[in-house]
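All values below come from the heavy atoms of this structure, side chains included, with hydrogens, waters and symmetry mates left out. Chain identifiers are assigned alphabetically (A, B, ...) following the order of the sequence lines, protein sequences preceding nucleic acid strands; residue numbering begins at 1 within each chain.
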Amino acid sequence: MIVKGMVIIMADVLLDVQHLTHFFKINKNITIKAVDDISFQIRKGEIFGLVGESGSGKSTAARCIMNVYRPVSGKVIYKGINTCDPVEFRQNKKLLQTSRQFIFQDSTSSLNGRMKVEDIIAEPMQIHHVRPKRGTLRSEAEFQLYYVGLDKSYLDKYPYELSGGMRQRVAIARALSMEPELLVADEPIAALDVSIQAQIINLFKHLQKEHGFSILFIAHDLAVVKYLCDRVGVMYHGRLVEVAPTEELFENPKHPYTKALLSAIPVPDPRLERVKGAVN
Amino acid sequence: MRHKNIFLYYIQKFIVFVLSVLVLSVVVFYVSRLAPGDPLYSYYGDRVEKMSDSEREWAENQLGLNEPIHIQYIHWFANAIRGNFGISYKYKTDVIKIIGGRLPNTLILGGIGFVLIYVLALGLGILCTWYEDKWPDRLLCKIGTVTSCIPEFWLSIALIFLFSIKLKLLPSSGAYSIGNGENVIDRISHLTLPMTVVVVSHLWYYAYMIRNKLLEEVRTEYVLLAKSKGLSKKNILFKHCLRNIVPSYLSIMAISVPHILGGTYIVETVFSYPGIGTLSYESARYQDYNMLMALCILSGALVILCNIVVQIVNERIDPRMKKDEGLQVSEVIEIG
Amino acid sequence: MDERFVQVGIRPVTALPVQEKKQYKDKPIFSMTVFMVIAMGCLFCNFFITKDPAYMDLYNTNAAPGAEFYFGTDAMGRDIFSMIWYGGRISLFIGFFASVISTVAAIVFGVFSGLAPKWADDCLMRFTEIFLSIPSLLLVIMIQAILGKANVFSISFVIGITSWTSIAKVVRTEVKQIRDSEYVIAARCMGAGFFRIMWRHLTPNFISSIMFMVVMNIRAAMAAEATLSFMGMGLPLEVISWGSMLSLAERSLLSGAWWIILVPGVFLVMTLLCITDIGNYLRKSVNNRRSNL
Amino acid sequence: MKELLEIKNLSVSFNTLKGEIQAVRDVSLSLHEGEVLAIVGESGCGKSVLCKSIMKLLHDNAYIKSGSIIVDGVDITHYGRKDMERLRGRVFSMVFQDPMTSLNPTIPIGEQIAEAVRVHNPKMKKAEVYERVISMMDLVGIPDAEDRYKLYPYSFSGGMRQRSVMAIALASEPKILLADEPTTSLDVTIQAQILDLLKSLQKKLLTATILVSHDLGVVSRVADRVAVMYAGKIVELGTVEDIFYEPRHPYTWGLMRSLPSLAKKGQELYTIPGMPPTLINPPKGDAFACRNEYALAIDYEEMPPMFKISDTHYAATWLLDERAPKIAPPVGSIR
């Protein structure tokens, strides 16, 4: 989908999702169209937000993009490589697995509870036999940990000894250790408290500025998306109903669902809310 | 799963049952043919030793023992389906007749034991849950653990030693005194010790399972809601939690059939109680494979049947298993 | 101005260290001690047993416990005190070995079934159900008949091979759960191979949930060995184990030699009890939420 | 206005292996007839524990260390199980966070509501109970109530289940409704509907409500008064206008400033540094001091008392002491 008034130069596009569709078969009679023909592009150095409610297919889309699921149809083109094609995927396996990284919503289940923080962060380096720049894997892990704002005393801890925010930092450190160009973050802050959320949002912003990677940021909280993202796509029942630059979307929503979504968010302003309540 | 035709549903279950028994019989047949010993023995007994080579060959041909094993199986199966499981080497009569004579005894011991175990297990489970971590629960857990650790055979011997030999209160063997088969009181006195062993050695295992299931249930969130609407502890436990563990209770019952049956067999052997257990013990000792095969298939079929029945019951009573059915009632989001 | 009311901003505050109280109450200290004593006694029995356990002193059959024979002698005149420690080795060995066999079988089967496509998984599960449907005693008898005369290894094998199903079922469910968990997906996204996921992610996570069952399997195997030997289908009389010692029990009923029944029985039950207690502790430490009732 | 519920210096602790967790520390609060009081705070600040301790729904390792709970003039602090069973449902009732787990999956929705009706009206006739259940279902906005009576929870979506839970909670016409994060696990659009429902029911039935939430947006939508909790203590208490437009406690400032919805794009989002303290050995003095850039020396020494700002507005910070330097609040009173 090309938004009016915006010319996308192909060289700038990092990820190009074309007509991505994915079904889940529950049984003979019921199939759920989790993702239904969605197309969007992410440019280099851009934070692209994907919003929608639970069950709208945003997580499935992310997993299709990261090759966790093989989509029923459609293409995901990353740096000119069609990742949905098994042959092309195998040929570029190392590049795809190192330069794209995934961050999950629930840091309790995305970190193996039986591994120490050090091993968790070093795991991608071990898998791809990357020579650690800073000598040992441990010092590399220590550096990444420092980078996300934790000190080295956490290296020997297990995930359950950390709080939610710290765990999410560890997950980010793990993703960063591969110096990715695309970060897919699936609701990374949904499970965190307000004050910790702010810390993680800032962390994302800093890291993005410093490394210049692109982020596909999936969230259900529009306020976060509004603050963080450059462009936003809105998903509803598996379809991508609207894609627009953030300001445009929030000031002038086109699709009725986007409007409904925007008006449903409670704003921390009692007088405004009272007016809204009176209208309803 | 929703089946428009309830008849089709039962047919499906029946096919599963038949297939399972079929596979079971194949396994049992092959295993018994693998066993050492001449299969001719199971038909002719000691006479085999006196046979000449030609007689032997004739006999093998007659019985189809020269044919490949799958043909043999088909022959055997064709006979078995007509109720002819061959002749017992030890008793020199039809296997099925011998089993038929012993079955009621085992059913009485195992069946009553089974019912007793389950009634008591439920009671103990509820009691322990009610008093979780208080003294009744702790005491029961301690006693239960001890009883569940005593092997059946040892408990049997200890009880025989105490009640039959020292106190001379109860008989130590058999199902009834000779010539006294119709006397109910005599039968009961013979049943008491074996029944005690069967119940005591299995009871806690299941009571503990039910206790743990119930404890899991009282840790769920809906208990809090039930509590906050003012339901009493008794009501919550009996109307909510107990109802939700019924499916697992039934499943445990189904799984336990072979377990309790096996326990009954051991007890029967120690008490020389004329049931299926002593029979299988004897047939193993005397390498009576026809008998052993029939017993395996019979026990197996019984267990499979129980499993399927419980499955059917659970699918009918547990709404959680019918999730795909019906329409989802959800909010309407007004767009625009 | 009061100096206490000077703005100082954020100062590091060292939180008081949180010390976890060591809980001895719930730990099965007693059971572990008793078990260790029995196990050590069996292992190093050579140093303290008073008689040759296999020597049949035909002048002293069915001797009551006393100064010479601490636990008496059996119907063949063997010293029960020596036999207990000597035979305990075999019983414990069979318990452990059978448990190892069944655990390995269960893990292989469970992992395979958990990772296999649905149809293969269904088939395997049906197979286990059929396998489970024969009372294990009958199964053991049949397999033992195939293997011929029993020895320590064959009996461990038979017991092991008939008791893996329940662990396999747990492994399968765990593997299914872990397979879909986000950390495995994360590892797959990073490009971790099958064996790495298996070794680093799957195994450490399901081990804890089957530990309890493995311990319980030791207990079940020891009880099974004793039962089989008692019934005359396990170890022969010459191979001394707690089970084979008890196979003389029935005969001693009439002679009134209670020690032949009691002594090995008490040792057996004590050991089983200790193992159960340890196993229960392992289960409890996995789950410690609190009741809502 | 009459005070329905009064909590005086309540402290609730848990016994754990790691030591005593002081989940609620010296909290005083009152709830007036027909108002909505919101308790806001981060997870682990004790807001849920406070709620559950009122209804005595806590696990048996929790205990009331000191203080009292007075409902309708009756001290219920030391009530036993039987007494509480009498009060629950009729005097107060609760709505829980996750509607997916708080309904019994094997009992039809209608039956579960009927149960709640019957508990306190055991003599009611069957038809009457049925009538009442249907009217309750209508009230909470479950359409086609008569058809839905026999349905099991699995065929209800999250929002519909939460409506059912509310019907159960309100079935015996309680005077106090405690809602523990009632919309946290729901989608935004559904959340809006449930909040509107909560507000309208509250207007209709005049049930005094305590709403526990971590979401300041939700709070501003329904609450009349707000209590901000931090590390087991109430740090600021006031009307919704007081809290949102004239916050006085640095923690409230921090919370407001770290909301992305109030931040300007491109600007750095304000963050409260550090983490909340553990409640096992809570720090001496003000628990928030070590995260507070405005902290005074005394904050590290002594716990601040509740300072009265106006008749409705209280805050526990030494900044309000007359000896303290005057600091212009970084948020509030702009709009």
Here's a test for you: under ring-ring contact (aromatic ring centres under 6.0 Å, His included), which of B:Tyr265, B:Tyr205, B:Phe114 qualifies with B:His259? B:Tyr205

Which portion of B:Lys227 sits near chain C, non-hydrogen atoms under 4.5 angstrom: side chain

From B:Leu237 CG over to B:Leu231 CG, what is the distance, rounded to the nearest 0.5 angstrom? 12.0 Å

Does the pair B:Asn314 and B:Ser251 meet the rule for a side chain to side chain donor-acceptor pair (under 3.5 Å), with working shown? CA-CA 8 Å; B:Asn314 271 351; B:Ser251 305; 3.3 Å; yes

With a 4.5 angstrom heavy-atom cut-off, could you sort out which part of B:Val270 is near chain C: side chain, backbone, both or neither? both

Part of B:Glu221 lying under 4.5 Å from any heavy atom of chain C: backbone

Indicate the atoms forming the closest heavy-atom contact of C:Ile155 with C:Leu235, along with that distance. CD1-N, 4.0 Å

Which residue out of B:Met293, B:Lys233, B:Glu152 racks up the most heavy-atom pairs below 4.5 Å with chain C? B:Lys233

Where does B:Val28 contact chain C at under 4.5 Å (heavy atoms): side chain, backbone, both or neither? both

So what's closer than 4.5 Å to chain C heavy atoms on B:Ser148: side chain, backbone, both or neither? both

Closest-packed option against chain B by number of heavy-atom pairs under 4.5 Å, given C:Leu246, C:Leu139, C:Leu268, C:Thr271: C:Leu246

Give the interface residues of residues 153-162 of chain B toward chain C, defined by a heavy-atom separation under 4.5 Å. B:Phe153, B:Trp154, B:Ile157, B:Ile160, B:Phe161

Quick check on B:Asn212 against chain C: is it the side chain, the backbone, both or neither that has a heavy atom closer than 4.5 Å? side chain

Under 3.5 Å, is there a donor-acceptor pair linking the side chains of C:Ser99 and C:Asn217? no

Ion pair present between C:Asp180 and C:Lys176, side-chain N to carboxylate O less than 4.0 angstrom? no

Look at the aromatic rings of C:Phe127 and C:Phe131 and report parallel, tilted or perpendicular, splitting at 30° and 60°. tilted

Measure the shortest side-chain to side-chain distance between B:Tyr208 and B:Leu140 over non-hydrogen atoms and say whether it is less than 4.5 angstrom. no

Taking the six-membered ring for Trp and the single ring otherwise, decide whether the centroids of C:Phe97 and C:Phe157 are under 6.0 Å apart. no

Closest heavy-atom contact between C:Pro264 and C:Trp259? CD-O, 3.7 Å

Any idea which heavy atoms bring B:Ala254 and B:Asn307 closest together, and the distance? CB-OD1, 3.3 Å

Those residues of residues 218-230 of chain C, ordered by number, that approach chain B below 4.5 Å (heavy atom to heavy atom): C:Arg219, C:Ala226, C:Thr227, C:Phe230

Between B:Thr106 and B:Glu268, is there a side-chain donor-acceptor contact under 3.5 Å, judged purely by atom types and distance? yes

Does B:Arg211 come within less than 4.0 Å of B:Glu216, counting only side-chain N to carboxylate O? no

